[in-house]
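First comes the structure, then the notes that go with it.
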There are 2 protein chains.
Amino acid sequence: MTAHEQGVRSDSVRATADASSEQQQSRETVEVPAARARAREIPEAAVARLAVYLRVLSGLADQEMTTVSSEELAAAAGVNSAKLRKDLSYIGSYGTRGVGYEVAVLIGQIERTLGLTRKHSVAVVGIGNLGHALANYGGFPGRGFPVSALFDLDPDLMGVPVGGIPVDHIDDIVEVCAEREVTIGAIATPTKGAQDVCDRLVEAGVRCILNFAPVVLQVPDEVEVRKVDLAVEMQILSFHVARRGSETTEDVDSGGAENDTGGDVAGSPAASRHMSAGAAPVDGMVVRP
Amino acid sequence: MTAHEQGVRSDSVRATADASSEQQQSRETVEVPAARARAREIPEAAVARLAVYLRVLSGLADQEMTTVSSEELAAAAGVNSAKLRKDLSYIGSYGTRGVGYEVAVLIGQIERTLGLTRKHSVAVVGIGNLGHALANYGGFPGRGFPVSALFDLDPDLMGVPVGGIPVDHIDDIVEVCAEREVTIGAIATPTKGAQDVCDRLVEAGVRCILNFAPVVLQVPDEVEVRKVDLAVEMQILSFHVARRGSETTEDVDSGGAENDTGGDVAGSPAASRHMSAGAAPVDGMVVRP
DNA sequence: CCCTGTGAAACACTTCACAGCC
DNA sequence: GGCTGTGAAGTGTTTCACAGGG
């Protein structure tokens, strides 16, 4: 799922929004030689699971377990064993037939594959509730991702240490990030400031962005963006609930007009306090016309 | 990859019976046209994107835009137009050839499909930094997902209003959730308490869970779990950085993997790949209760 | 023409099932 | 016998490209 896909034009700067420059290739099959050439590629889906296996393995290591079978590891990770073996096969053959895998070896190999042998300094932009949570996340469950810079707009926060690191002003993103060699930027600002922050991070040389703001960021091709969108997650859950209710064919029209829409007035007015850059809000979503 | 396979194994038995990879479809009516036959099935991947389209559409509506073409909407959502049209076709034909889609109509149809015409009360468990962020999300994404219950273990928090709602004790999850008709539970507790909290939510009748704790929850088949794991997201980013840096991996022999990661398929110029099967998963984060 | 809707082809990911080694 | 590693089959998703309505 999720979903990610940020297509974009690489115009150095944002926006343009449309610029629909789709180029259609015309007739004749175009052919994509690429297909097979993809030799040693690890499927994107497998990469995501490797990270999960790593965490499970760390837990096993803590329990002094030294070896584990694909069946056990798979159960703990919530996937089926064939898939797990296939995933592990992408990084090499480190198991022993008839026995299983050595926990320590597997941990080392997965870390190497994921590039965790290297340190990745993280910068968090937008120190609201979510930003605080990120900053305090501290080292992280698998060490390797120290948060080394925090940014916000609120003058009252400047210099204030959060999770041990003083907050800097957003205007200093470029220099501070360059100086501290930040490689990953986490955007936890409100929607409106996200693209601007993103542009600055890119300008500072950050090529990996974790975006919590509910907006599709426009970035150059060399920048990798992963989005974490709570509203989307909830809506997906909503879809499944709805579907479950009427498993019987014939959906259309789930029931008269059950609308309650109007209600909700209460919403939560108080909500937006002055947290300069609050957590990533999610908007969008309206209720029937 | 949604979290479908979380938890419980259920196969383990099977094998011979139908395993006969043979074509069992023989003519005869009924049976196994499964894949195809399943009428109104909307691909999981498409559901995740519909939520994104919905948000973009809301933004267009706010700008008083009344119609939009697949090209425009696709660009704004970061996907290619063919995919967008295909996605929309799963929910019906609401466009006008030669013109485009009417924003208001599309919004209504997507909301209906995602089951947003119904209200989903959310319960947040674990009121640490993340829990606060979730509670303050305000009415949440716009409206539609009101947070109606908060839980924690800390005695000092009992009764304290966060985002307008008083915190209750975790021991009261079952009764409070049942009473307030909670349909979605968000677990923002530390790892160790997550499974227990999950069990209580399930006991309370909650069938949709959004899990922020870095642990694989075990749940009955009828419960849908989506995981948001920050560590996993960061590790995926790390993988891409590593890969980018040295196109030449030295691991187990590398062949000439050739090619940059970016390039990607011909066809559309912009648009990066990415998207594993699941939607955007995300990760964990622990906050203390 | 412009733009949607969609079958069909291409590609990606998952599952099966079994050969091979301990 | 138990378990890994992997070709091959199966299933899901994306892209192509074009029919057809306005």
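Here the structure is a predicted model, which means the values were calculated and not measured. A, B, ... follow the sequence lines: proteins, then strands. Residue 1 opens every chain. Every heavy atom of this structure was used, including side-chain atoms; hydrogens, water molecules and symmetry mates were not.
- Side-chain nitrogen and oxygen atoms of B/Y101 include at least one within less than 4.0 Å of the OP1 or OP2 phosphate oxygen of C/dG5.
- Summarising the geometry, the separation between OH on A/Y90 and P on D/dT4 is reported as 17 Å, rounded to the nearest angstrom.
- Straight-line distance from the CD atom of B/E44 to the C1' atom of C/dT14: 15 Å, rounded to whole Å.
- Residues A/H240 and A/Q235 bring no donor and acceptor atom of their side chains to less than 3.5 Å of each other.
- When rounded to the nearest whole Å, the span between OH of A/Y94 and C1' of D/dC3 equals 19 Å.
- Between the CD atom of A/E71 and the P atom of D/dG1 there is a distance of 18 Å, given to the nearest Å.
- By the side chain to side chain donor-acceptor pair (under 3.5 Å) test, A/T113 is found to be paired with no residue, residues two or more places apart in sequence or in another chain being considered.
- A/R226 contributes no side-chain N or O that, together with a main-chain N or O of B/M234, makes up a donor-acceptor pair within less than 3.5 Å.
- One can place CD of A/E102 at 15 Å from C1' of D/dC3, the figure rounded to the nearest angstrom.
- Distances shorter than 4.0 Å separate some side-chain N or O of B/S70 from OP1 or OP2 on C/dT4.
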In a table with atom names and distances, give each donor-acceptor pair under 3.5 Å that connects a side chain of residues 101-110 of chain A to protein atoms at least two apart or in another chain.
{"unit_1": "A/Q109", "atom_1": "OE1", "unit_2": "A/Y94", "atom_2": "OH", "d": "3.1"}
{"unit_1": "A/Q109", "atom_1": "OE1", "unit_2": "A/R112", "atom_2": "NE", "d": "3.0"}
{"unit_1": "A/Q109", "atom_1": "OE1", "unit_2": "A/R112", "atom_2": "NH2", "d": "2.8"}

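- For A/P43, whose side chain is taken as the heavy atoms from C-beta onward, the closest listed nucleotide among C/dC22, D/dC18, C/dC13 is C/dC13.
- Look at CZ on A/R97: it is 8 Å from P on C/dC22, rounded to the nearest Å.
- Between the CD1 atom of A/I42 and the C1' atom of D/dG5 there is a distance of 16 Å, given to the nearest Å.
- Between A/L88 atom CG and D/dT4 atom C1' there is a gap of 10 Å when expressed in whole angstrom units.
- Distance alone, capped at 3.5 Å, is enough to place a donor-acceptor pair between the B/Q195 side chain and the B/Q218 backbone.
- The phosphate of C/dT14 (OP1 or OP2) has no side-chain N or O of A/N80 nearer than 4.0 angstrom.
- Take the nearest nucleotide of DNA chain D for A/G98 and for B/V99: the residue whose nucleotide is more 5' is A/G98.
- Proximity of B/R49 to the phosphate of D/dT14: a side-chain N or O atom is located under 4.0 Å from OP1 or OP2.
- For the pair A/K86 and B/S93, nearest-nucleotide mapping onto DNA chain C gives the more 5' position to B/S93.
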